[in-house]
Protein chains: 4
Amino acid sequence: MARPKSDDKRNALLLAAEQVFAERGLAAAPTSAISRQAGVAEGTLFTYFRTKDDLVNALYRSIKLELADALMAHFPRQGPVRDRLEYLWNAFVDWGVANPQRLNVLDQLSVADIVTDESKAVGYEPFAEIEALAQHSIRTEILQAYPCEFIAASMKALAETTMGFMNAYPAESGLYRKIGFDVFWRGVARKAD
Amino acid sequence: MARPKSDDKRNALLLAAEQVFAERGLAAAPTSAISRQAGVAEGTLFTYFRTKDDLVNALYRSIKLELADALMAHFPRQGPVRDRLEYLWNAFVDWGVANPQRLNVLDQLSVADIVTDESKAVGYEPFAEIEALAQHSIRTEILQAYPCEFIAASMKALAETTMGFMNAYPAESGLYRKIGFDVFWRGVARKAD
Amino acid sequence: MARPKSDDKRNALLLAAEQVFAERGLAAAPTSAISRQAGVAEGTLFTYFRTKDDLVNALYRSIKLELADALMAHFPRQGPVRDRLEYLWNAFVDWGVANPQRLNVLDQLSVADIVTDESKAVGYEPFAEIEALAQHSIRTEILQAYPCEFIAASMKALAETTMGFMNAYPAESGLYRKIGFDVFWRGVARKAD
Amino acid sequence: MARPKSDDKRNALLLAAEQVFAERGLAAAPTSAISRQAGVAEGTLFTYFRTKDDLVNALYRSIKLELADALMAHFPRQGPVRDRLEYLWNAFVDWGVANPQRLNVLDQLSVADIVTDESKAVGYEPFAEIEALAQHSIRTEILQAYPCEFIAASMKALAETTMGFMNAYPAESGLYRKIGFDVFWRGVARKAD
DNA sequence: CATGAATGAGGGTTCATTCAT
DNA sequence: AATGAATGAACCCTCATTCAT
């Protein structure tokens, strides 16, 4: 096979898309700017992604997967629920603070209707284990008897809020990380310990 | 610049913009579609708003003001903090559930970078009184000793999460409204009562 | 109504399309070249014709109508069949020789699959009277008992062949016009007179 | 330039081009579709034909040659003029009816301006013998004293018209073949026999 | 020679904005 | 002030052709 499609180039395009979306917003990001940023010809983008929408969906999945990896790679399968949730919390906000651009783009993509339901499903899958943990904790009466997607969504919402403050006030970063989790835990736990 | 003749037309344009943004997404909403929806000529839009960005910012402010009115118009200046916060909470989510389109557009606008910092500042202003309430409550040790913008932001994040569930499961609407507030209150209060 | 859509501009666009198609071929005729030739902005073309295909179909109909007018406007409703057919023959080839470009484009359009069946039907309508004449002449045994569309098609084919020679040898133009008709008439008449 | 390795591949490309042109029209036929249809890589097409135009011209010549072969291979060098012309007529329309796709493409190519005058000259050459026959017949007063290219052109025009009807009404195919020739013969012969 | 990724000029079309009416 | 035709820069994508493998 002559000159195989290069993973490097594909990744360069995804990264470039991320940067351009972060800078100019998903709406106003021409594919030409993405190609230029990636250092390839305009047409090349379309040998790696059939359409701009395809690129957007691929980027969404790729960020979601990376995030999943950050959360789940060393996730402790044992120990008190509180500790395990705090681990997730910290992994999440640390990732978000380390990759503010990526997080910003993920937020944009999450509301954009270019991202298909299928992509959303794929992106959600790795987080199923968290849901399982939550479910178990509800049954064992550690967490409140709320629908567990609601608990997960609350966690996400509070974590993103927290990240906003961590980014805005880097000096207080550690403090916000902690009080953010405290708010979440007290909010959803049966007994605050 | 003398105010253009008809406030009706201006409002019709804002409303039309909201509808079109809700249906097609902020990105894919041509001004021509907005004019058509408003029942005016394409050019007319530009006598009421100098540019499309102006229209978007005006819409953002108008929604924010309406929301502020919904929250603050009958806000009880007396009574226990918990009750007063719950009043706000309920007013917020009720508004969101009554105006899902408007809420959706507000979400879109909040991440769009067309909305200027100035608009965001203007949109925040009416909520200052809430902040004052929070500040007072912190000093009187009713709420946790967190930065009060953090508490406000947490409230907003949880309320929006809650609204999402209320819209998704209308039958459980009342339930979510309640448990949403409980999560928030336990999260930020010194003593859950 | 502000600045009404101008028939002049519409016609200029049709004429420009004809010229550009004649020069560069239907396939390789960018709309930008048509706009330029018509002396309008690129976008203007699309306020008069929704798509390029629309323009092509409109051009086809317009040429067909013009041709129909050239043939039928003074068509003699009386007299010997031979004379009446010769009138048509002459009107056709005279028009074709006077408008070689237009004829050329009509030929291109006739095989192009951009032209819809509906357009073809509309374009055929004015020629129905000729068919009626042919049918009558077959019944009265002036013409051979062939399907009359076949006679019409033969006439067209021979006329276009004839026009080719008239254009190629303008000095002999009159001669070809005559012998062309003779070939046709002897071919389809019961008795050559 | 040494002939490239495989004549098979060259022919496969010509055949593929014919199929793709027939299906999608000359205008909308990308070289990539032709390569795919031929089962070769995109680049390979260009080792057999320097440009797309070259391919088109080669296809034109190839079809013309094949047609010439169909007409001339068993052309009777003896016998009455009428019989010999009828032989040609039948050979022509039979070929056209047996290869409708090929005929269709030939029609498209004949009006396309991609085909060079040189190609047209080459394509005409094998038909010279017919012209010679016509010329002889005119001198011996069997045919009318018309320019013999005009007679040839008329024959071609009527034959193509005839083929159209043969393809459209296969059940009447034999009938059209016959009356088509009759129209032609009466049109150009001095004495219809 | 065969392959198919890479290229970038153009293609048709959209759209925010202007301006003649 | 209101209208909507006019404008032309940009957009996404295609495709003939080149060239590294």
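No experiment lies behind these values; they were computed from the predicted model shown. The sequence lines fix the lettering, A, B, ..., with proteins before strands; numbering per chain opens at 1.
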Identify the heavy atoms of V20(C) and A33(C) that sit nearest to each other, and give their distance. CG2-O, 4.0 Å
My understanding is that a pair needs two contacts under 3.5 Å, Watson-Crick or G-U wobble. By that rule, which nucleotide pairs with dT21(F)? dA2(E)
Taking atom types as modelled and ignoring hydrogens, do the side chains of S35(B) and S32(B) form a donor-acceptor contact shorter than 3.5 angstrom? no
Describe the nucleic acid contact of T51(B) in one word from base, sugar-phosphate, nothing, applying a heavy-atom distance below 4.0 Å. sugar-phosphate
Could you tell me how far apart L26(C) (CG) and dG11(E) (C1') are, to the nearest whole angstrom? 14 Å
Let me know the distance between CZ of R36(C) and C1' of dG12(E), rounded to the nearest Å. 14 Å
Rounded to whole Å, NZ of K5(A) lies from C1' of dG4(E) at a distance of 9 Å
Within this structure, what is the CD-CD distance for the pair E18(C) and E23(C), rounded to the nearest 0.5 Å? 11.0 Å
Whole angstrom is fine here: how far is it from CG in D8(C) over to C1' in dA6(F)? 15 Å
Nucleotide nearest A41(D) (side chain, heavy atoms from C-beta), chosen from dT17(E), dG12(E), dG4(E): dG4(E)
Interatomic distance where CG belongs to D54(B) and P belongs to dA16(E) [whole Å]: 14 Å
Closest nucleotide of DNA chain E for F46(C) versus for Y48(A): which of these residues is on the 5' side? Y48(A)
With both distances under 3.5 Å as the test, what is the Watson-Crick or G-U wobble partner of dC12(F)? dG11(E)
Distance col, row N57(A):CG vs D53(A):CG, nearest 0.5 angstrom, shows 7.0 Å
By nearest nucleotide on DNA chain F, pick out whichever of V40(B) and E42(D) is the more 5' one. V40(B)
Please determine whether a side-chain nitrogen or oxygen atom of T31(D) lies at a distance below 4.0 Å from atom OP1 or OP2 of dA16(F). yes
Does dA1(F) have OP1 or OP2 under 4.0 Å away from a side-chain N or O of T47(B)? no
Using atom NZ of K52(A) as one end and atom C1' of dT14(E) as the other, report the distance to the nearest whole Å. 14 Å
Name the pairing partner of dT7(F), where a pair is Watson-Crick or G-U wobble with both distances under 3.5 Å, or state none. dA16(E)
May I ask you to evaluate whether T44(B) reaches the phosphate of dT3(F), defined as a side-chain N or O under 4.0 Å from OP1 or OP2? yes
Choose from dC13(F), dC11(F), dT13(E) the nucleotide whose nearest atom is closest to any side-chain atom of S32(A). dC11(F)
In whole angstrom, give the distance that lies between atom CD1 of I34(C) and atom P of dG10(E). 17 Å
Distance only, no hydrogens: is a donor on one side chain within 3.5 Å (strictly under) of an acceptor on the other, for S119(B) and T116(B)? yes
How would you label the contact of F49(A) with the nucleic acid (heavy atoms, under 4.0 Å): base, sugar-phosphate, or nothing? nothing
Side chain to side chain contact (heavy atoms under 4.5 Å, CB included) partner of R61(B), the single match among E118(B), K120(B), E125(B), E66(B): E118(B)
Want to settle it: does G43(A) or D53(B) sit nearer the 5' end of DNA chain E, counting the closest nucleotide to each? G43(A)
Looking at K9(D), I'd like to know whether one of its side-chain N or O atoms comes within less than 4.0 Å of OP1 or OP2 on dC1(E). no
DNA chain F: A27(A) or L45(C), which has the more 5' nearest nucleotide? L45(C)
Distance check needed: dC1(E) C1' versus D7(D) CG, whole Å only. 15 Å
Under 4.0 Å, counting only non-hydrogen atoms across every strand here, what does A29(A) touch: a base, just sugar-phosphate, or nothing? sugar-phosphate
